[in-house]
Amino acid sequence: MRATLIIKNIDNLITLKGKDKPRIKEEMRDIGLIQNGVIALNEAEIIYVGKGELPENITIDDDTIIIDGKGKTVTPGLVDAHTHLVHGGSRENELSMKLKGMEYLDILAAGGGIHSTVKATREATFEQLYSKAKKSLDTMISYGTTTVEAKSGYGIGDFQTEIKQLEVARRLNEDHPVDIISTFMGAHAIPKDYNEDPDKFVDIIINEMIPEVSKRDLAKFCDVFCEKGVFTIEQSRKILLAALENGLIPKIHADEIESLGGAELAAEIGCITADHLIAASDEGIKMMAGKGIIANLLPGTSFNLQAGKFARARKMIEEGVAIALSTDYNPGSCPTENLQLVMSFASLIMKLTPEEVITAVTINGAAALGLEEKIGSLKVGKQGDIVIFDAPNLDYIIYHFGINHTDKVVKKGKVVFSK
Ligand SMILES: N=CN[C@@H](CCC(=O)O)C(=O)O
Ligand SMILES: [Zn+2]
């Protein structure tokens with residue numbers, strides 16, 4: 001078979017070969033490392049992965065792109081399965097408030113935080129949102145991210161703004177090399193007009209918004225911010241059950257700040273992921289393991305909220321919960337697109353091994369988006385999404401933190417970023 005692109009002499013080729021399922025426990029440390037590796041693609045598809053030379057049945061010609069992997073570490077394209085990609089404005093004005101001791105939920109309750117991004121997002125045109133999000137996608141791809149989840153959630157009471165966000169994401173998915181998977185998050189904050197009767201807003205989400213998003217095929221997932229002062233467990237349950245009834249896959253911002261029982265609810269409903277989980281209870285973690293719910297952890301947010309608390313990733317792995325890692329890129333609690341930095345935080349602070357970290361941002365990230373059969377590992381037949389790191393080994397990428405190690409990014413068989 002003809003190769004259109006090959007990468008050869010790869011010092012460390014991390015394939016993540018193995019089952020197309022979320023990896024748990026010791027599976028998270030089995031990364032399918034090949035030294036002196038070679039990989040061949042035919043257009044968007046991987047046609048060979050091995051050691052040494054290409055076999056004779058893989059042919060090359062003058063048009064084949066040949067990349068030398070000497071001194072490099074090669075991995076599957078990184079998956080960022082939790083972002084608030086499309087939004088207006090930025091919130092650096094919150095830094096001085098935080099430095100004075102004001103906390104995230106205090107800023108939100110005072111009408112700032114998410115509410116100020118809601119205002120900026122409502123005021124922004126489609127084109128303004130598009131070009132701001134496109135810039136972020138360009139940054140993400142430069143750090144090796146090839147698939148991104150993008151939530152709505154900055155329209156809240158204003159459904160047209162939610163739709164505008166989802167339509168921007170849809171257009172960017174068509175125009176930009178990064179694949180974007182959309183999530184409807186109308187339940188991101190209680191609009192001020194419904195402060196006295198939040199259940200009325202929940203009813204609108206359930207009876208009007210979710211059916212319309214589903215009918216217009218604007219999102220694959222539905223998310224809710226289940227948190228003290230935001231959506232209660234009971235309200236979150238209703239919203240996620242309505243999502244299921246309308247064919248949207250439920251996921252949840254769970255136990256980010258307070259231990260409300262979000263992890264338990266994720267297990268009860270059968271969410272694809274529960275995200276954040278900084279304050280998740282022992283019981284919640286056990287229940288997630290029992291039901292196979294993926295923990296999508298966001299250590300960049302813990303770092304930025306200065307809460308001094310990170311999700312108990314080691315405990316989760318011991319209990320058999322599959323871990324994914326994402327940026328949570330958003331203008332308030334985690335203003336960074338840099339997934340490599342998140343990988344370093346996960347190891348240096350949450351004590352994951354480099355092998356567990358790379359599993360979390362590849363095959364487990366893919367599983368967090370229901371895409372584990374298509375992306376997340378380098379196997380024959382899978383999509384050719386690949387990162388070439390200018391790093392001699394995996395540990396180096398994580399240990400040498402805060403800089404961009406990407407040399408090249410291949411998306412669907414095409415070089416889409418080159419240093
Ligand atoms: N916590 C809720 N949502 C985001 C923050 C959004 C914002 O502050 O604008 C999060 O995941 O942390
Ligand atoms: Zn979030």
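We use all heavy atoms of the structure for the numbers below, so side chains are in, but hydrogens, waters and symmetry mates are not. Ligands are counted one by one from 1 in listed order, and the atoms in each one are counted from 1 as well.
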Query raised in the report: Can you name the N, O or S atom of Asp328 that is closest to the Zn ion (ligand 2)?
Result: OD1
Report task. Using a strict 4.0 Å threshold on nitrogen-to-oxygen distance, state whether Asp11 and Lys70 make a salt bridge. Result -> yes
Requested in this report: Examine the side chains of Glu43 and Thr4 and answer whether a donor and an acceptor come within less than 3.5 Å of each other.
Outcome: no
Query - Short N or O distance, Tyr154 and ligand 1, threshold 3.5 Å exclusive - result: yes
**Report entry** the Zn ion (ligand 2) to nearest N/O/S of His253 below 2.8 Å
**Finding:** yes
Requested in this report: Return yes when His87 approaches ligand 1 closer than 4.0 angstrom through a heavy atom, no otherwise.
Outcome: no
Query raised in the report: Taking NZ, NE, NH1 and NH2 as the nitrogens, is one of them in Glu174 or Arg170 under 4.0 Å from a carboxylate oxygen of the other?
Result: no
Query raised in the report: Identify the closest protein heavy atom to atom 3 (N) of ligand 1: which residue and atom is it, and at what distance?
Result: His188 NE2, 2.8 Å
Query raised in the report: Taking both backbone and side chain into account, is any N, O or S atom of His276 nearer than 2.8 Å to the Zn ion (ligand 2)?
Result: no
Query raised in the report: Just heavy atoms, cut-off under 4.0 Å: does Glu227 contact ligand 1 by side chain, backbone, both, or neither?
Result: neither
Requested in this report: Go through the side-chain N and O atoms of Asp80 and Thr327 and say whether any donor and acceptor fall under 3.5 Å apart.
Outcome: yes
Query - His276, any N or O under 3.5 Å of ligand 1 N or O - result: yes
Query raised in the report: Heavy-atom distance under 4.5 Å between the side chains of His276 and Asn296, does that happen here?
Result: no
Report task. Note the single closest protein heavy atom to atom 10 (C) of ligand 1, along with its residue, its atom name and the distance in Å. Result -> Asp328 OD2, 3.2 Å
Query raised in the report: Of the backbone and side-chain N, O or S atoms of Asp223, does one lie nearer to the Zn ion (ligand 2) than 2.8 Å?
Result: no
Requested in this report: Decide yes or no for Val148 and Met140: does some side-chain heavy atom of the first lie under 4.5 Å from some side-chain heavy atom of the second?
Outcome: yes
Query raised in the report: Using the ring of each side chain (for Trp, its six-membered ring), is Tyr194 parallel, tilted or perpendicular to Phe201, with breaks at 30° and 60°?
Result: tilted
Query raised in the report: Nearest protein heavy-atom contact for atom 8 (O) of ligand 1: which residue, which atom, what distance?
Result: Tyr104 OH, 2.6 Å
Query raised in the report: With no hydrogens and no angle check, do the side chains of His253 and His188 hold a donor and an acceptor under 3.5 Å apart?
Result: no
Report task. Measuring from the Zn ion (ligand 2), name the closest N, O or S atom belonging to His84. Result -> NE2
